[in-house]
Number of protein chains: 2
Amino acid sequence: MIVTVTNPPASELPVLRKVVRSSTSDLIADQLRNAIYNGSLEPGQSINEVRTAELLEVSRPSLREALQRLISEGVMTHAPGRGVHVKKMRVTDIDDVYAVREAIESQAIKLIIRRERATARITRALRELERAIEDNAARTIGDADLSFHHALVACSGSARLTDLMKVSMVHTRLLSLSDRRGYEVRCDVLDSHRELAEAVTAGRESQSLGVLARIMAEAASRLHGPDAGVDAQVVKALDDGAAADDQWSRLRERAQ
Amino acid sequence: MIVTVTNPPASELPVLRKVVRSSTSDLIADQLRNAIYNGSLEPGQSINEVRTAELLEVSRPSLREALQRLISEGVMTHAPGRGVHVKKMRVTDIDDVYAVREAIESQAIKLIIRRERATARITRALRELERAIEDNAARTIGDADLSFHHALVACSGSARLTDLMKVSMVHTRLLSLSDRRGYEVRCDVLDSHRELAEAVTAGRESQSLGVLARIMAEAASRLHGPDAGVDAQVVKALDDGAAADDQWSRLRERAQ
DNA sequence: TCATATAACTTTGTCTGACAGTGTGACATT
DNA sequence: AATGTCACACTGTCAGACAAAGTTATATGA
């Protein structure tokens, strides 16, 4: 069989991947989203368009495009005439966010089990969680916790569910950050998550769903808890005080 | 107790609602989304920024903001250097969209039953569906079908699930519109939906979830069906040929 | 002194115009 | 037939502008 050398079919060059070029507004949205996720931008904080655009060295239109993105993700809110603010979660948001997460993750579990998908990522994420708990830093544990749930959904192989999970992660983080008690974690995270990982890996559907429901309910009730008040005005920073990204600490100051 | 007359607390004037002022980009996004939903804008069609902006009598930046919105909703896609196109669903999208819908609607059902929420809207939507089936117009039936599922989720009272359902509706519509056979509906929609409505209203959780799963699976398999090919290049218009909005038929022509 | 009204300032919302970079199609060339 | 070249169209991004809306500060009157 003769194969021409010039212009070989894609299958012959499996090394080459589709080139990904992100637009400016994509990059801006990513930065802002990360800044929110890691606490550099606090809930309720307003985004000054000119200053932020200057800081990022982009034009105002590009920034505004990115903001639209974040607004439709529910990560920022738009107050007409008053601009864009980082979404500040209220008490009513707690159950709502966790309802969505239970929807996404339950479905992911069903898909994983029914389609018998590989669960290596989940066990790997569980090990990361174990390690984070040893370090005993709330922020690290929180990250590992969310990563675990992301891994769970990613295993399902559903692109859309995985995307939804990504924004739900930010929502969850915003819930904690909007809580006046700041960032907290339950001490029994590891047990329940290990149980979940094992049940999913073993293909025990109803048990998995049960454990998941329990995890969600407990997380929600922790936020609801006595004198919780996600509604609070004052917002505490993350308790391990990990140095926030330089750029964004600057932004936080300058953006008033 | 003395209450000042000026600036009365909101609770005293329950008639007054928060004024909603939509931004231009909001309105544009709505128009484009509707145009996609009712088939005026076909899957794969590209959006010429200058022409579309002229047509809507808005500036290019405002249009671009709206497009960002739609892109992040997964209703349009962005090809770098080549602009924005109406999302063209592929075979792999079928199961993905229905997986998300099952996730959302299952959770909605659970919430409705556990929180014992009113189900009037569902029965009302069912009656609309009955009426639409009598008319025997595929497009009307499709609308009523989706409205039913939207009503179901809205009943749950979860704002986020309801929002997600709204975009899932457009995704579902895009699935049908991307199918070369055009718009079709199963003849047994009514039976299954009536069964679902009754089960939910009666609070029978597992039965409801079962019926829902069946509805989703059947809808997906219809699209997968023999010689289906959502991947198809040619796209048939809606079969009842309801006159598409004047403005948008113009756009379709002019936007190439 | 407190509350309201006026003024000054800031910021948003939107538009116009501009221009380099990239994609596209026609045409010439090898 | 494949490649190279050119012109054109469109996108991606920016700077600047300005009215409208919000915000803060100042002045005025009870």
Side-chain angles (χ1 to χ4, degrees), chain A residues 2-10 12 18-32 41 44-72 76-86 251-256, chain B residues 2-8 18-32 41 44-72 76-86 251 253-256:
Chain A
I2 300 170
V3 177
T4 54
V5 177
T6 54
N7 195 19
E12 286 188 35
K18 197 160 123 194
V19 174
V20 281
R21 284 172 298 170
S22 331
S23 64
T24 309
S25 56
D26 270 329
L27 299 172
I28 301 173
D30 286 345
Q31 278 215 44
L32 291 170
L41 277 171
Q45 187 170 341
S46 79
I47 305 294
N48 182 311
E49 294 187 2
V50 262
R51 267 196 295 247
T52 310
E54 273 172 17
L55 191 60
L56 297 170
E57 295 184 32
V58 295
S59 67
R60 202 148 77 91
S62 296
L63 172 63
R64 284 177 62 92
E65 283 180 23
L67 291 179
Q68 286 299 323
R69 224 11 189 286
L70 297 167
I71 290 167
S72 84
M76 298 220 171
T77 51
H78 170 84
R82 221 168 311 169
V84 176
H85 300 251
V86 178
L251 177 71
R252 187 165 30 168
E253 291 158 16
R254 295 177 61 184
Q256 183 218 15
Chain B
I2 299 169
V3 178
T4 54
V5 177
T6 53
N7 194 21
K18 194 160 130 193
V19 174
V20 280
R21 285 171 298 172
S22 329
S23 64
T24 310
S25 54
D26 270 329
L27 300 172
I28 301 173
D30 286 346
Q31 279 216 42
L32 291 170
L41 277 170
Q45 188 170 339
S46 80
I47 305 294
N48 183 314
E49 295 187 1
V50 260
R51 268 196 295 248
T52 310
E54 274 172 17
L55 191 59
L56 297 171
E57 295 185 31
V58 297
S59 67
R60 202 147 77 89
S62 296
L63 171 62
R64 284 177 62 92
E65 282 180 22
L67 292 179
Q68 286 298 323
R69 254 313 221 300
L70 297 168
I71 290 168
S72 85
M76 299 220 171
T77 52
H78 171 82
R82 222 169 310 169
V84 176
H85 301 251
V86 178
L251 177 70
E253 293 155 17
R254 296 177 59 186
Q256 186 217 15

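By convention in this document, chain letters (A, B, ...) are assigned in the order of the sequence lines, proteins followed by strands, and residues within each chain are numbered from 1.
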- Query: Phosphate oxygens OP1/OP2 of dG12(D): is one of them under 4.0 Å from a side-chain N or O of Thr24(A)?
  - Reply: no
- Are OP1 or OP2 of dT11(C) and a side-chain N or O of Asn48(A) less than 4.0 angstrom apart? yes
- Message: Quick check on dC15(C): is either OP1 or OP2 less than 4.0 Å from any side-chain nitrogen or oxygen of Ser62(B)?
- Response: yes
- Side chain of Ser59(A) - closest among dT11(D), dC14(D), dC15(C): dC14(D)
- Query: Of the nucleotides dT11(D), dC14(D), dA21(D), which has the atom closest to the Arg21(B) side chain?
  - Reply: dA21(D)
- Could you grab the distance from atom CE of Met76(B) to atom OG of Ser46(B), nearest 0.5 Å is fine? 10.0 Å
- Could you grab the distance from atom CG of Asp26(A) to atom CD of Gln31(A), nearest 0.5 Å is fine? 12.5 Å
- Message: Does a side-chain N or O of Ser25(A) approach OP1 or OP2 of dG12(D) to a distance below 4.0 Å, or not?
- Response: no
- Query: Closest nucleotide of DNA chain C for Glu49(A) versus for Arg82(B): which of these residues is on the 5' side?
  - Reply: Glu49(A)
- Task: Select from Pro80(B) and Gly81(A) the residue whose nearest nucleotide in DNA chain D is closer to the 5' end of that strand.
- Result: Pro80(B)
- Please step through side-chain contact (heavy atoms from CB on, under 4.5 Å) for the pair Glu65(B) and Leu67(A), ending with a clear verdict. CA-CA 9 Å; Glu65(B) 282 180 22; Leu67(A) 291 179; over 6 Å; no
- What's the CD1-C1' distance between Ile47(A) and dT11(C), to the nearest Å? 14 Å
- Message: Expressed as a whole number of angstroms, how long is the span from Ile28(B):CD1 to dC15(C):C1'?
- Response: 12 Å
- Task: May I ask you to evaluate whether His78(B) reaches the phosphate of dT11(D), defined as a side-chain N or O under 4.0 Å from OP1 or OP2?
- Result: no
- Query: How long is the line joining CD of Glu54(B) and P of dT16(C), in whole Å?
  - Reply: 10 Å
- For Glu65(A) and dT11(D), give me the distance from atom CD to atom P, rounded to whole Å. 13 Å
- Show your working on side-chain contact (heavy atoms from CB on, under 4.5 Å) between Leu56(A) and Leu27(A) and close with a plain yes or no. CA-CA 10 Å; Leu56(A) 297 170; Leu27(A) 299 172; over 6 Å; no
- Item | Glu57(B) CD to dT16(C) P, straight-line distance once rounded to whole Å | 10 Å
- Ile71(B) atom CD1 is separated from dT11(D) atom P, nearest whole Å, by 12 Å
- Message: Check this for me: does the side-chain of Arg60(A) come within 3.5 Å of the base of dG13(C) through a donor and an acceptor?
- Response: yes
- Item | Sugar-phosphate only, base, or nothing, as touched by Val58(A) at under 4.0 Å among non-hydrogen atoms | sugar-phosphate
- Task: Examine distances only and state if a side-chain atom of Thr52(B) and a backbone atom of Glu49(B) form a donor-acceptor pair shorter than 3.5 Å.
- Result: no
